[in-house]
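Take a look at the structure below.
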Amino acid sequence: MSTVTKDFLDQALHEFMAADRGFRGAFNAAVTRRRLGEILISLRERAGLTVADVAQRMNCTRARVVRLEEGADVRVSTLGRYLDAIRTV
């Protein structure tokens with residue numbers, strides 16, 4: 001991405017966030033969910049498991065696990081099932 005495009009996008013994002021508290025809250029929530037997904041992927045990989053392994057352990061589809069790892073909005077109970085599924089001890 002060119003510097004001009006990046007600068008324009010950064011400026012536009014800054015303006016949206018300053019003008020609309022709802023947008024700022026939604027954006028921050030999305031960033032938090034995305035970060036959680038990155039952490040889940042790291043934990044799964046460290047446990048030596050594939051998406052298919054986790055899906056089988058959770059008794060759900062691989063697509064559901066991928067959505068979770070991509071930062072989909074998730075219930076605490078689903079997060080708990082995921083963490084149980086990657087537990088290796």
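For the numbers below, each heavy atom of this structure counts, side chains included, while hydrogens, waters and symmetry mates do not.
Residue pairs meeting the side chain to side chain donor-acceptor pair (under 3.5 Å) criterion with at least one partner in residues 21-35, sequence neighbours excluded, are Arg35-Glu38.
Rounding to the nearest 0.5 Å places CZ of Arg57 at 10.5 Å from CZ of Arg87. The structure places CD of Glu45 at 11.0 Å from CD1 of Ile86, a figure rounded to the nearest 0.5 Å. The line from CG of Leu36 to CD of Glu70 is 13.0 Å long, rounded to the nearest 0.5 Å. Atom CD1 of Ile39 and atom CZ of Arg44 lie 14.0 Å apart (nearest 0.5 Å). Here CD of Gln56 is found 10.5 Å from CG of Leu49. Values are rounded to the nearest 0.5 Å.
Closest of all the heavy-atom pairs between Tyr82 and Ile41 is OH-N, 4.2 Å. Scanning both residues, Gly48 and Asp53, for their nearest heavy atoms gives O-OD2, 4.3 Å.
Among residues two or more places apart in sequence or in another chain, the side chain to side chain contact (heavy atoms under 4.5 Å, CB included) test is passed with Thr78 by Met58, Arg64, Leu68, Val74, Arg75.
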Working for side chain to side chain contact (heavy atoms under 4.5 Å, CB included), residues Leu79 and Leu40: CA-CA 9 Å; Leu79 181 58; Leu40 294 177; 3.9 Å; yes

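In this structure, Asp84 contributes its side chain and Arg81 its backbone to no donor-acceptor pair below 3.5 Å.
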